[in-house]
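Keep in mind the model is a prediction, meaning the values are calculated, not measured. Chain A is the first sequence line, chain B the second, and so forth, proteins listed ahead of strands; every chain is numbered from 1.
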Amino acid sequence: MAEPGKFLRIEAPPAPAPGGIAARARAGADAPYLAGLNPEQRLAVESLDGPVLVLAGAGTGKTRVLTTRIAHILSLGRARPSDILAVTFTNKAAREMKERVGRMVGQMVEGMPWLGTFHAIGVKLLRRHAELVGLKPDFTILDVDDQIRLMKQVLEAENIDQQRWPARALAAMIDNWKNRGLPPDKVSPGEAAVFAGGRGLKLYAAYQERLKVLNASDFGDLLLETIRLFRENAEVLRQYQQRFRFMLVDEYQDTNVAQYLWLRLLAQGAKNLCCVGDDDQSIYGWRGAEVDNILRFEKDFPGATVIRLERNYRSTGHILAAASHLIAHNEGRLGKTLRTEDELGEKVTVTGAWDSEEEARSIGEEIEELQRAGHKLNEIAILVRASFQMRELEDRFVTLGLPYRVIGGPRFYERAEIRDALAYLRCVASPADDLAFERIVNVPRRGLGDATVQVLHDHARTRRVPLMEAARTLVATEELKARPRTALRDLIAAFDRWRGRRDQIPHTELAEIVLDESGYTEMWQKDRSADAAGRLENLKELVRSMEEFENLQGFLEHVSLIMDADGGADADAVSIMTLHSAKGLEFDTVFLPGWEDGLFPHQRTLDDQGRAGLEEERRLAHVGLTRARRRAKIFFATNRRLHGLWQTTVPSRFLDELPEAHVEVTESKGGFGWGGLAPSRFDAMESFASNYETPGWQRAQANRARRSGMDEAGANGSRPGGARRRQPLTIEGELVARSTGPASPYAVGDRVFHQKFGYGDIVSVDGNKLIVAFDRAGEKRVVDSFVERA
DNA sequence: TGATGCTGCGTTTTT
DNA sequence: CGCAGCATCA
């Protein structure tokens, strides 16, 4: 960018010439930011006037178009930053767009007050005009828990049997109405009749009244009340219609009816509405998104320009062909044909496994193979349909010592209060943990500020002792002033006391005592901010999760492993996530396990939504495939554990929808599985799978039995997943050693330490694989690089 | 108020 | 099978 920031200084009102010809000449039709756009992208950026729908297929440069378009509007002087409305769905997307626009155009982020999520912009509008919708400007926003609590009160007040009519169901129903833009007076009575013997509507109205009394709004109302504001106050609406000379919407396929209505009201002003989306990536129908919004765009906004971005810059030929062929089976779509100029690359692979354990083993092996070939783990993702599928994968990776992170999983351990609490416990367990000590030395505040900590640091460094130790000697001197000295002395005394009780009382109790006596709990109890209650709840949850471990040490080991795993984004690790949370991401290699009918497509979606549901599942498959840049690897298992029982499954119907020319059916690398009977047709496999008498089945059974003695996931059904383990696991019987791999530096009898399993003695050495009898966790097979000499 | 036992349920998730 | 949420009891 030649002179970044230049465009932004525009303070004068927008150039009046509607065609912007003069302005265009000024900015130059070949402005630098336009360079490198392909013709369709460029058209999408430059078609500023009137409604525009940009159908942006996966990997076609959607975000680039959106941000460049904003830059273009600004550089032409068609609008000031504050006159552009740019809406996203998530805060993350909003943040990214701000960053990208900022980078492209200079630091103008503050200059775009109307770039944000639908909800954030709704809040902004409502606070400005709160009184017009019966709220005060400082109204509070209820989270889901608050909502449920409020609904319970309403149900209580109406004397409704909450057994039969749970608050959750009412909440879901009201949420659904709000998604569709229906306030109480617009809901059809017939529809409301199904709840609580016809009282559904009354409850909805009562709930809305309660919100007003509490001066509160729920998420749905942030949209719904804005719509009402606009409808009932023509002047206000006109004001914003005039202001928003240009409107941009990201992920339009995810909009619900309320959002559509909201946009339509505003777009009746300048009419320069640009919606970007991909009907083939609409995967949130179940929470109110209307694919129909995007399908109907041309009807809703007459004279609309539709621009298709079909050149894909992400995936190689085979992958793109497979994804395109698959999604072509959908009927409710506008239709796009993705193309790439990239090479054909590797075919999409489909691998059948005997069961989900073998599936996990195969994936593990393929990842190790990729790793040996020099591929980064960061460039590998496993995308599952449902989160329960993650367990087996995680278990397998723990065994292999393969670093992984779960995306979208619980970010529990990253929360401040949890980190604080853990820091206390770490100080108890290991007095030399300086990082932990530093974290909590003045939390809660006890007058040990930066100055004191500095003295402490100096003291520790000169004496080469940990902070805690330095503090101990320091309080005996005159170096600190009386106040901090006393505070520090008290703190050390407290830690000594806690440490002293460590072996006398259960570790959960100890944790409670520590959090209590340190004043940490009290700190949050006194805190009257909105999230204090939640934080206390999290602390309770932390203590509860400790119960599953034998002692404090074991718990802290587990936590450190978890934190390591998803801690640094810079660490090289395989990503595991759901297909839903993978939308918008891309990886060199994508593993897609669980392609079985009932799981994917999911039976529930099929049951509830029929063909529309199937199409949404197919879009999900399409999203999954198009995440891959160079390798897409599909797996299915013939047997999967579901609700604790092994179920025989049928390969996903989506497999039959993949084009044979772009797919390679491979044999499981998980070892035993199909025993050379590699299937070439999935339906043939189906009959094979359901026949429990075939040699293959018996063989696999035999292998399973044999194997279960070798792997830590024993036939007793126990899981090595740490947190999920109730009882320490012991595997009986002899472990079979096989020799592979390079010689290990360890010998039988060596004492070792493992991050997850703690201390143990080596029972056998097999190449780089050790079998260790852990003190707590029983015998495990582990890779030698994951233990250290104790 | 807190612990214990029972019942029912089991997909995806953001604001 | 495992867990969450609720109800019941102490």
Nucleotide nearest A:His643 when distance is taken to its side chain, options B:dT13, B:dT11, B:dG10: B:dG10

In whole Å, measure the gap between the P atoms of C:dG5 and B:dT12 for me. 15 Å

Between A:Glu358 and A:Asn639, is any side-chain donor less than 3.5 angstrom from a side-chain acceptor? no

Please pick, from B:dT15, C:dC6, B:dG10, the nucleotide with the shortest atom-to-atom distance to any side-chain atom of A:Thr90. B:dT15

Atom pair distance, as rounded to whole Å: CD in A:Gln162 and C1' in C:dA7: 14 Å

Could you tell me whether A:Glu509 and A:Arg501 make a salt bridge, using a distance below 4.0 angstrom between a side-chain N and a carboxylate O? no

Polar side-chain contact A:Arg385-B:dT12 base: donor and acceptor under 3.5 Å: yes

Between P on B:dT11 and CD on A:Glu616, what's the gap in Å once rounded to a whole number? 15 Å

Rounded to whole Å, CZ of A:Arg287 lies from P of B:dT13 at a distance of 9 Å

Rounding to a whole Å, what distance do you find between A:Tyr284:OH and B:dT15:C1'? 12 Å

Pairwise C1' distance for B:dT13 and C:dG2, with rounding to whole Å: 23 Å

Whole angstroms only, please: what is the CD-C1' distance between A:Gln647 and C:dC1? 12 Å

Tell me whether A:Arg641 is salt-bridged to A:Glu392, with the criterion being a basic N under 4.0 Å from an acidic carboxylate O. no

With a 4.0 Å cut-off on heavy atoms, is A:Asp218 in touch with a base, just the backbone sugar-phosphate, or nothing at all? nothing

A:Lys152 side chain: which of B:dT13, C:dC6, B:dT11 is closest? C:dC6

May I have the distance from A:Glu509 (atom CD) to B:dG2 (atom P), rounded to whole angstrom? 15 Å

Thinking salt bridges, do A:Lys212 and A:Glu225 make one under a 4.0 Å N-O criterion? yes

What is the distance, to the nearest angstrom, from the CH2 atom on A:Trp262 to the P atom on B:dT15? 16 Å

Would you say the base of B:dT11 stacks on A:Trp286 (centre-to-centre below 5.5 Å, plane angle below 30°)? no

Under 4.0 angstrom between A:Thr117 side-chain N/O and B:dT14 OP1 or OP2: no

Between B:dT15, C:dC6, B:dT11, which one does the side chain of A:Phe219 approach most closely? B:dT15

In whole angstrom, what separates A:Arg95's CZ from B:dT14's C1'? 13 Å

Under the criteria of a ring-centre distance below 5.5 Å and an interplanar angle below 30°, is A:His119 stacked with the base of B:dT15? no

A:Arg619/A:Glu616 salt bridge by N-O under 4.0 Å criterion: yes

Does the side chain of A:Asn91 get closer than 4.0 angstrom to OP1 or OP2 of B:dT15 through an N or O atom? yes

